[in-house]
Chemist: 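Pasting in a structure now, in structure tokens, and then I'll have a few things to ask.
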Number of protein chains: 2
Amino acid sequence: MAASTLTEVARLAGVSPATASRVLNGSARKPGKDIAERVRQAADSLGYIPNAQAQGLAKSSSGLIGLIVHDIADPYFAAIARGVQDEAREQRRMVLLATTGGAPAEEREAVAAFAARRADSIVIAGSRSSRTEDRDDNAELAAELDRYCRNGGQVAVVGHPVVGATVTEGYHVVAVPNQELAGALAAELASRWDGDFVIIGGPDGLFTSDDRIRGFQEGLATAGRPPAEVLRTAFNRSGGYDAGLELAARIKAGRSGDGEASARKLCIFAVNDVMAIGASAALRAEGLRIPRDATIAGFDDIETLRDFRPALSTVRLPLEEIGRLATRATGRTAGGSEDLDDGEPGPVSGEVTLRRSTEAVA
Amino acid sequence: MAASTLTEVARLAGVSPATASRVLNGSARKPGKDIAERVRQAADSLGYIPNAQAQGLAKSSSGLIGLIVHDIADPYFAAIARGVQDEAREQRRMVLLATTGGAPAEEREAVAAFAARRADSIVIAGSRSSRTEDRDDNAELAAELDRYCRNGGQVAVVGHPVVGATVTEGYHVVAVPNQELAGALAAELASRWDGDFVIIGGPDGLFTSDDRIRGFQEGLATAGRPPAEVLRTAFNRSGGYDAGLELAARIKAGRSGDGEASARKLCIFAVNDVMAIGASAALRAEGLRIPRDATIAGFDDIETLRDFRPALSTVRLPLEEIGRLATRATGRTAGGSEDLDDGEPGPVSGEVTLRRSTEAVA
DNA sequence: GCTTGTTGGGAAAGCGCATTCCCACTACGT
DNA sequence: ACGTAGTGGGAATGCGCTTTCCCAACAAGC
């Protein structure tokens, strides 16, 4: 018993498929009351479920929204995904998920797959990369996106535009003030702290990471501090852990070298919370304590990590809101309210949040 | 410029659409070498992307797999989602995401939406509920699933079967030995601990929670211990926090009441890690320390929470593997290897993992 | 040399639905 | 009373693709 079709419903109700279509799926023309009722009953008794594929084919629009993330299990992306999902739900659309690990080549594939499924819009949440080895892939990704937009697709990118994208029609960017906020964080920290700073960053060329590093350095400069050393590592917990080990070694060496003097206590800035947690774990594993032996700050304010102790200083980013905004930016709310329908999404704002992990103990 | 179609490609290559279809999308019949090459070039130059909707319509199979979770931002579901996504990727299918907050009514809606989109299979990751107020909704959910299966859909449920489902064809359950593992955890704890136990559970009727509670009680009984009191609360971090506050009050009261005697130190079992973390946070907020003033264990071994201190005793569940198994169970690997294709997924195994949070300090 | 397979390609019929025409019919207007 | 606008329904077309069926060409069998 295959799923029942519109035609079957129509036959059962004794009307034409056209009429059945008009009553069951929103059409401009509203058939008469009695007929509508008959059709609806027929549909009910058959357990009719419209075939979205066929509908999509017929009116070339699928009600699908594609979401691209690096890794759905990463709480950063999970939070954004929640926002996207929420908004999609309100717009009565469904989200199609693709995880790429951040590789532009796989992102291109994902875009193509979304295009094949005729997704109405695509939200790209993963950080862009400008590494030279990704140049070709990035170009292809940009080309794929261009084509998608030219064919009427809507694209929203979180953070940074895709490098090389040329189309503006239907192309939205949810700007995240990574640089400014990192600067603000640096300013706050510099005002409470006169020791050295060191940055644990992601691989060179990752925009999110680079922006935060740049902003932090600027903030330090403004505060009259020398630039911080930058450790490059993987943009995840394990990268943070590795860098943490390295720093722990230095701290211990410094300690024994300079005698007991805790004069040059280190303040560590990890470019995201997950890395900060990794680094903290490494320090702890090496017998160091935070904030006693070193202080540390992250970025993002991941919800799941808020119960972590010592509480992590960070920059709160409205992740869910970001996902929601991105989705809304791509939303052709057909016939909906026209208030701020198509304007670019207002830039999101974050907030420096100092907690125990950067408390300079006497 | 709308996306180019198969027909356009065929025309450019000077062949019939049928032939073009045969060469571009896997067909049993392989056209001649030269023709194939011509078609491929035409497709390339036009940037042809097959319309998956149309393909789906024509061969009634969409390459879509629907995933239902309570909340994608919850690390438990995020981990499962990663497994599902991974496996889907290997099978060259895409995942459609729906979050329901656990309400059977919304789950029913999600199933209907997946059915409308003609998803080949559905994975339900959220815990089932048997609460009386959900009875009707559960019945409708079961009916919807039955219909979906009868129409050829594949369903995999994580943990517990949907109550009331009658169809067996295409219906799979990934069994999670919640009860046994909770029992094993209780046994381990009881062997190291002679104080009282208390359980922080989810709302009555939530299978996952109830199974773990039951298992834990059984484990206690086997160890010759009296049953633990059960606190019912929300199945998330905030529920854990609330219960934690309650327990903190008791602990403090007990302390002042019985004098300084720490004789009856409490061992808390929260039915999942996130709740355990919430409870820990509450205890800490009330000035209590773990494991000094109370010990606590969770369940799931959420990756993101492993760096939490004191390290949380828990039961490791291979979440990603569970997602993968569920997906594989629904996978009609058309023409693939026939090894363990259709058999029910082997029951997953977990592992009691004792860490610092339950160390009985002298 | 003719039949019988066999191969490689095209024509055409859907898949399930939305939508554009078109037609019959009613309710007006003058 | 006749023409016109307006209404409510159906027939038919097409969305882009797969697949069955058919046909031509060519190989091999007697």
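We name chains A, B, ... by the order of the sequence lines, and we start the count at 1 in each one. The structure displayed is predicted, hence computed values, not measured ones.
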Chemist: Tell me the interatomic distance from B:Asn51, atom CG, to D:dG16, atom C1', rounded to whole angstroms.
Modeler: 6 Å

Chemist: Produce the list of close N/O pairs, under 3.5 Å, pairing protein atoms with atoms of nucleotides 19-26 of chain D; give distances to one decimal.
Modeler:
{"from": "D:dC21", "atom 1": "N4", "to": "B:Arg29", "atom 2": "NH1", "distance (Å)": "3.4"}

Chemist: Under the 3.5 angstrom rule, does the side chain of A:Arg117 hit a backbone N or O of A:Phe114 as a donor-acceptor pair?
Modeler: no

Chemist: Let me know the distance between CG of B:Leu46 and C1' of D:dG16, rounded to the nearest Å.
Modeler: 15 Å

Chemist: Grab the CD-P distance between B:Gln53 and C:dC17 for me, whole Å please.
Modeler: 13 Å

Chemist: Is the closest side-chain heavy-atom distance between B:Arg108 and B:Asp137 below 4.5 Å?
Modeler: no

Chemist: Ignoring hydrogens, what is the shortest heavy-atom contact between B:Ile72 and B:Ala78? Give both atom names and the distance.
Modeler: O-CB, 3.6 Å

Chemist: Taking DNA chain C as the partner, which of residues 36-44 of chain B come within under 4.0 angstrom of it by heavy atom?
Modeler: none

Chemist: Send over the distance from A:Leu57 CG to C:dC15 C1', rounded to a whole Å.
Modeler: 9 Å

Chemist: CG of B:Asp136: more than 12 outside heavy atoms within 6.0 angstrom?
Modeler: no

Chemist: May I ask you to decide if A:Ala115's main-chain N or O and A:Arg118's side chain share a donor-acceptor pair within less than 3.5 Å?
Modeler: yes

Chemist: Please tell me which of B:Lys33 and B:Ser60 maps to the more 5' nucleotide of DNA chain C, matching each residue to the nucleotide holding its nearest heavy atom.
Modeler: B:Lys33

Chemist: Might you work through the side chain to side chain contact (heavy atoms under 4.5 Å, CB included) test for B:Glu107 and B:His70, ending with a clear yes or no?
Modeler: CA-CA 9 Å; B:Glu107 294 183 333; B:His70 288 189; 4.1 Å; yes

Chemist: Report yes or no: do B:Thr327 and B:Arg93 form a side-chain donor-acceptor pair below 3.5 Å?
Modeler: no

Chemist: Specify the separation, in whole Å, of atom CG of B:Leu6 and atom P of C:dA11.
Modeler: 15 Å

Chemist: Using heavy atoms to find the nearest nucleotide of DNA chain C for B:Ala54 and B:Ile35 separately, return the residue whose nucleotide is more 5′.
Modeler: B:Ile35

Chemist: Would one find a side-chain N or O of B:Ser16 under 4.0 angstrom from OP1 or OP2 of C:dG10?
Modeler: yes

Chemist: Ignoring hydrogens, what is the shortest heavy-atom contact between B:Ala326 and B:Val123? Give both atom names and the distance.
Modeler: CB-CG1, 3.9 Å

Chemist: Indicate whether OP1 or OP2 belonging to D:dT18 is found under 4.0 Å from a side-chain N or O atom of B:Asn25.
Modeler: yes

Chemist: Can you see if the side chain of A:Gln55 gets near the phosphate of C:dC17 - specifically, an N or O under 4.0 Å from OP1 or OP2?
Modeler: no

Chemist: For A:Asp34 and D:dG8, give me the distance from atom CG to atom P, rounded to whole Å.
Modeler: 11 Å

Chemist: Main chain of A:Gly101, side chain of A:Asp71: is a donor-acceptor contact present, judged purely on distance under 3.5 Å?
Modeler: no

Chemist: Using whole Å, report how far CZ of A:Arg117 lies from P of D:dG16.
Modeler: 17 Å

Chemist: Between C:dG16 atom C1' and A:Leu24 atom CG, what is the distance in whole Å?
Modeler: 13 Å

